[in-house]
Amino acid sequence: QVQLVESGGGLVQAGDSLRLSCAASGHPDLINGMGWFRQAPGKEREFVGAIGRSTTDTNYAGSVRGRFTINREYFKNTLYLQMNNLKPEDTAVYYCAAARWGGSSPLAHDYNYWGQGTQVTVSS
């Protein structure tokens, strides 16, 4: 099994930056693709970004492309989400996800493991 723990969320103002981290433990050797999803109050969980086994394989939602960057450090078993120029509509609980397959899928059902989430709140 794989355990994922997110950190780095918080309350910021519009235009600020945050970096989320997701630490994998247990059997991180089972992980290939990884991704970030978010869920705002009253809304469904939505795709934010993903990275495949190859770090050049990245995929972003249109709403965050150009502002958010996803990357991973294999030797630390950690996934990151650098979020710049945050907007109030980015407010949500952000979830880290890991997949046994190697692509950068935007589909939640492609992911086998999920973290508990970290809250990001952006004030205007």
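In the hydrophobic clustering of ILVMFWY residues, with side-chain heavy atoms under 4.5 Å counting as a link, Met34 and Val64 come out together. The hydrophobic cluster containing Met83 does not contain Tyr95, counting ILVMFWY residues as joined when their side-chain heavy atoms lie under 4.5 angstrom apart, directly or transitively. When the side chains of ILVMFWY residues are joined at heavy-atom separations under 4.5 Å, either directly or via intervening members, Phe37 and Val2 end up in two distinct hydrophobic clusters. In the hydrophobic clustering of ILVMFWY residues, with side-chain heavy atoms under 4.5 Å counting as a link, Trp101 and Leu4 come out apart. Under a hydrophobic-cluster definition in which Ile, Leu, Val, Met, Phe, Trp and Tyr are linked whenever side-chain heavy atoms come within less than 4.5 Å, directly or via other members, Tyr111 and Val48 are assigned to different clusters.
For the pair Tyr74 and Ser54, the tightest heavy-atom approach, listed with the atom from each and the gap, is OH-N, 4.4 Å. Nearest heavy atom pair, residue Phe47 against residue Ala61, reads O-CB, 3.4 Å. The two residues Gly10 and Leu18 come nearest to each other via the heavy atoms N-CD1, 4.1 Å. Scanning all heavy atoms of the two residues, the minimum distance from Ala14 to Pro88 falls at CB-CD, 4.1 Å. Closest non-hydrogen pair, Pro106 versus Asn59, comes out as CD-ND2, 3.7 Å. Counting all heavy atoms, side chain and backbone alike, Ala24 lies closest to Ile31 at CB-CD1, 3.7 Å.
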> Given the rule in the side-chain contact (heavy atoms from CB on, under 4.5 Å) test, do Leu79 and Ile70 qualify, once you have shown the distances and angles that lead to the verdict?
Replying inline: CA-CA 7 Å; Leu79 176 74; Ile70 189 170; 3.7 Å; yes
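Note that SG of Cys96 and CD of Gln116 are 11.5 Å apart. Values are rounded to the nearest 0.5 Å. Rounded to the nearest 0.5 Å, atoms CD (Glu73) and CG (Asn77) are 10.5 Å apart. In this structure, CD on Glu6 lies 5.5 Å from SG on Cys22, to the nearest 0.5 angstrom. We find the OG-CG distance between Ser105 and Asn32 to be 13.0 Å, quoted to the nearest 0.5 Å. Here Thr118 contributes atom OG1 and Trp36 contributes atom CH2; the two are 7.5 Å apart, rounded to the nearest 0.5 Å. Within the model, atoms OG1 of Thr55 and CZ of Arg53 stand 10.5 Å from one another, a figure rounded to the nearest 0.5 Å.
Checking each of Arg38, Gln39, Gln119 against Tyr94 for a side chain to side chain donor-acceptor pair (under 3.5 Å) leaves exactly one that passes, namely Arg38. No option in Gln3, Arg100, Gln1 other than Arg100 meets the side chain to side chain donor-acceptor pair (under 3.5 Å) test with Tyr113.
At distances below 3.5 Å, not a single donor-acceptor pair connects side-chain atoms of Thr121 with backbone N or O atoms of Thr91.
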